[in-house]
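Here the structure comes first, spelled out in structure tokens, and everything after it is commentary.
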Amino acid sequence: MKIININCQEVIQNRRSIRKYKPDEVSAENLENIIEAARLAPSGTNRQPWRFVLLNGKEEKEKIAGAVIQPFVLDAPVVFVCCLDRQAYTRGLVEKRMKELVQSNVISEEAAGYIYQRKMPDKTGDVVIPASAYIDLGIAVEQMVLMATALGLGSCWVRLFNPQQVHKALNLPENIEVVALLPVGYPAEKPSPRPRLNRDEIMIESK
Ligand SMILES: Cc1cc2nc3c(=O)[nH]c(=O)nc-3n(C[C@H](O)[C@H](O)[C@H](O)COP(=O)(O)O)c2cc1C
């Protein structure tokens, strides 16, 4: 793995949303490192609800052309379609995750028992995706973004597109909800840091 920035602070400081890409391909090894960064993300009750479709190359990206609003998305050599899986919230899979956590001594049988008692849908069709799922997916995608930066690649979170149209165009199953796009490629721009609130604007004094 060719890490460009080995320092966490450097990766965080150097990351930018990149909207101009070189046409150079992203190696299979780099793509695997980015996927691995998502796989290792933390999630509530270790449910790991994230799922990804990798669109690599012109032909595959073309499938979602009608759903994209900002053309730069399709200029990146690869696009990850970032999704949630409703199945991760069905009783069967939640219980499986809980058993793994008990076996790994992460939680006690007693604590797991509390979760088993919760109302939980048995069928994917009855699942309403909880807010925590979007937190979990957000963590996984940001880990991909930071890994891409560390590998010298650029990326950009994209929510301005038509998720239903992507779902249809890719013929995804019912249990999958499309949430975001993540174009990835070598940057053809070097943007300055974007504006941020200052420290005192984000810290709240307790009274
Ligand atoms: C959840 C999320 C959704 C975003 N959606 C879009 C988008 O649809 N299009 C876009 O050009 N940028 C999008 N962005 C990028 C933001 O505009 C960008 O992060 C912000 O302006 C700060 O710039 P920086 O990322 O370079 O620091 C999104 C960022 C996040 C975190």
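In listed order, ligands and their atoms are each counted from 1. Quick caveat: nothing in here was measured; it's all calculated off a predicted structure.
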TODO: Find out if a path of hydrophobic residues (ILVMFWY) with successive side-chain heavy-atom gaps under 4.5 Å connects Val78 to Val81.
DONE: no
- [ ] Name all residues meeting the side-chain hydrogen bond (donor to acceptor under 3.5 Å, both in side chains) criterion together with Gln70; count only those two or more places apart in sequence or in a different chain, and write none if there are none.
- [x] none
Task: Minimal non-hydrogen separation, Pro77 against Glu25, with atom names - done: CB-CA, 4.5 Å
TODO: Look at the rings of Phe72 and Tyr21 and say which category their plane angle falls in: under 30° parallel, 30 to 60° tilted, over 60° perpendicular.
DONE: parallel
Task: Donor + acceptor pair across side chains of Glu177, Tyr134 (<3.5 Å) - done: yes
- [ ] Quick one, list the residues around ligand 1 where some non-hydrogen atom comes in under 4.0 Å, by chain and residue number.
- [x] Arg15, Arg16, Ser17, Arg19, Gln70, Phe72, Cys156, Trp157, Val158, Arg159, Leu160, Arg194, Arg196
Open item on the list: Does any part of the side chain of Glu201, heavy atoms only, come nearer than 4.5 Å to the side chain of Arg196, both counted from C-beta?
Closed with: no
